[in-house]
Amino acid sequence: EKYLGRRILPRSFRVYDDPTVENVGSTVLAGSFNHDDEGVPARRVDLVEGGKLKDMLTSRTPVKSFTQSNGHGRRGGRSGAQAGAACLFIEADGGLPAEDIKQSLLDAARDQGLDYALRVTSLRGRNSGGRSGGSMADMRAMFQRMQRGEGGSPIRSEEHTSELQS
């Protein structure tokens, strides 16, 4: 919530989650649904516009800035429903060469007072055929090393694979 209204991505980026989208081209989207696990009608939520965080996914569990669900309450196993992404779309205007992307990322990090940035090049869900072995703890450890100034340049290539929970 503390990042609402703040730039979190380059200005050319838009991010939204729309559980009502059933297909992209000929690909069926497994995350699609009409009502979330709490019975709330699903709807598109525009999360990032112009690189700024504008909204958040919510369930019926209220949070400080959002008291109503936007249809993204999902249950996992025996736990209660929590807000979660279904069909996440990331779009950007215009393509950039790799060096310009790197500079834009560093500029965004600097705007937020950060000493480092992380470029995510792909996400793989559970059972997607991707290599396994990483964890969120691995990523947390990498961030902590970077915060301590260990590990070289502000942006570097590292592969960390974690299962995304739905």
Side-chain angles (χ1 to χ4, degrees), residues 1-25 27-96 100-126 128 135-137 139-140 142-143 146-147 155 160-166:
E1 287 179 80
K2 70 180 183 177
Y3 293 102
L4 281 171
R6 292 177 66 184
R7 184 171 163 221
I8 61 170
L9 290 170
R11 290 176 185 89
S12 62
F13 276 70
R14 288 176 307 285
V15 179
Y16 64 92
D17 190 80
D18 191 348
T20 66
V21 176
E22 296 179 358
N23 301 291
V24 172
T27 302
V28 176
L29 301 181
S32 179
F33 56 88
N34 291 319
H35 290 82
D36 71 6
D37 292 341
E38 298 175 303
V40 177
R43 70 173 180 87
R44 174 180 167 149
V45 177
D46 294 315
L47 299 166
V48 177
E49 294 176 9
K52 291 185 179 182
L53 183 62
K54 297 293 185 183
D55 206 344
M56 294 175 61
L57 303 178
T58 59
S59 66
R60 287 189 179 198
T61 304
V63 293
K64 186 177 178 182
S65 301
F66 302 93
T67 58
Q68 294 188 356
S69 174
N70 55 27
H72 285 79
R74 305 298 300 220
R75 294 193 201 290
R78 295 181 181 169
S79 66
Q82 297 180 351
C87 301
L88 187 69
F89 296 85
I90 303 171
E91 300 174 344
D93 296 324
L96 296 173
D100 291 348
I101 292 172
K102 178 179 176 180
Q103 189 58 52
S104 180
L105 181 60
L106 288 172
D107 291 345
R110 205 169 292 111
D111 287 350
Q112 296 299 318
L114 300 173
D115 296 324
Y116 63 91
L118 177 68
R119 179 179 175 207
V120 177
T121 57
S122 67
L123 298 172
R124 294 185 196 138
R126 186 185 315 189
S128 66
S135 69
M136 291 308 288
M139 291 189 89
R140 213 174 6 262
M142 179 188 72
F143 288 136
M146 292 176 82
Q147 285 176 321
I155 295 182
H160 292 274
T161 305
S162 298
E163 290 185 352
L164 302 174
Q165 305 296 318
S166 58

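Quick caveat: nothing in here was measured; it's all calculated off a predicted structure.
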Does [Y] offer a backbone N or O that forms a donor-acceptor pair with the side chain of [X] under 3.5 Å?
X     : Y     : answer
Asp17 : Val45 : no
Arg7  : Leu9  : yes
Ser12 : Ala92 : no

Taking all heavy atoms of [X] and all of [Y], pick out the closest pair and write down the distance.
X     : Y      : answer
Val24 : Phe89  : CG2-CE2, 3.7 Å
Val21 : Cys87  : O-SG, 3.9 Å
Gly73 : Glu38  : CA-OE1, 3.7 Å
Ala86 : Gly31  : CB-O, 3.4 Å
Arg43 : Asn70  : NH2-CB, 3.2 Å
Arg11 : Asp111 : NH2-OD2, 4.2 Å

Discussion item. With side-chain contact (heavy atoms from CB on, under 4.5 Å) as the criterion, how do Arg14 and Asp93 come out once you've worked through the C-alpha distance, each side chain's angles and the decisive distance to 0.1 Å?
Written reply: CA-CA 9 Å; Arg14 288 176 307 285; Asp93 296 324; 3.0 Å; yes
Discussion item. Tell me whether the count of non-hydrogen atoms from other residues, nucleotides or ligands lying under 6.0 Å of CD in Glu91 goes above 12.
Written reply: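 For Glu91, atom CD is crowded (more than 12 foreign heavy atoms under 6.0 Å).
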Worksheet item: Does a sphere of radius 6.0 Å around NZ in Lys54 hold more than 12 heavy atoms from other residues, nucleotides or ligands, not counting ones at 6.0 Å or beyond?
Response: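 Yes, because the 6.0 Å sphere around NZ of Lys54 holds more than 12 heavy atoms from other groups.
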Item to complete: Using the side-chain contact (heavy atoms from CB on, under 4.5 Å) rule, take Asp107 and Arg110 through it: C-alpha gap first, then chi angles, then the decisive distance, then the call.
Response: CA-CA 5 Å; Asp107 291 345; Arg110 205 169 292 111; 3.1 Å; yes
Worksheet item: Between Tyr16 and Glu49, is a side-chain contact (heavy atoms from CB on, under 4.5 Å) present by the stated rule, with each step listed?
Response: CA-CA 9 Å; Tyr16 64 92; Glu49 294 176 9; over 6 Å; no
From [atom1] ([X]) to [atom2] ([Y]), nearest 0.5 Å:
X      : Y      : atom1 : atom2 : value
Leu106 : Gln103 : CG    : CD    : 5.5 Å
Lys64  : Leu4   : NZ    : CG    : 11.0 Å
Asn34  : Glu22  : CG    : CD    : 6.5 Å

Worksheet item: Is there a side-chain contact (heavy atoms from CB on, under 4.5 Å) between Ser59 and Gln82 once you walk through the steps?
Response: CA-CA 6 Å; Ser59 66; Gln82 297 180 351; 5.6 Å; no
Worksheet item: Just wondering, do Asp36 and His72 contact through their side chains at under 4.5 Å, heavy atoms?
Response: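 SC-SC contact between His72 and Asp36 ruled out.
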Discussion item. A side-chain contact here means heavy atoms from C-beta on lying under 4.5 Å apart; do Asp55 and Asp46 qualify?
Written reply: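 A side-chain contact under 4.5 Å is absent here.
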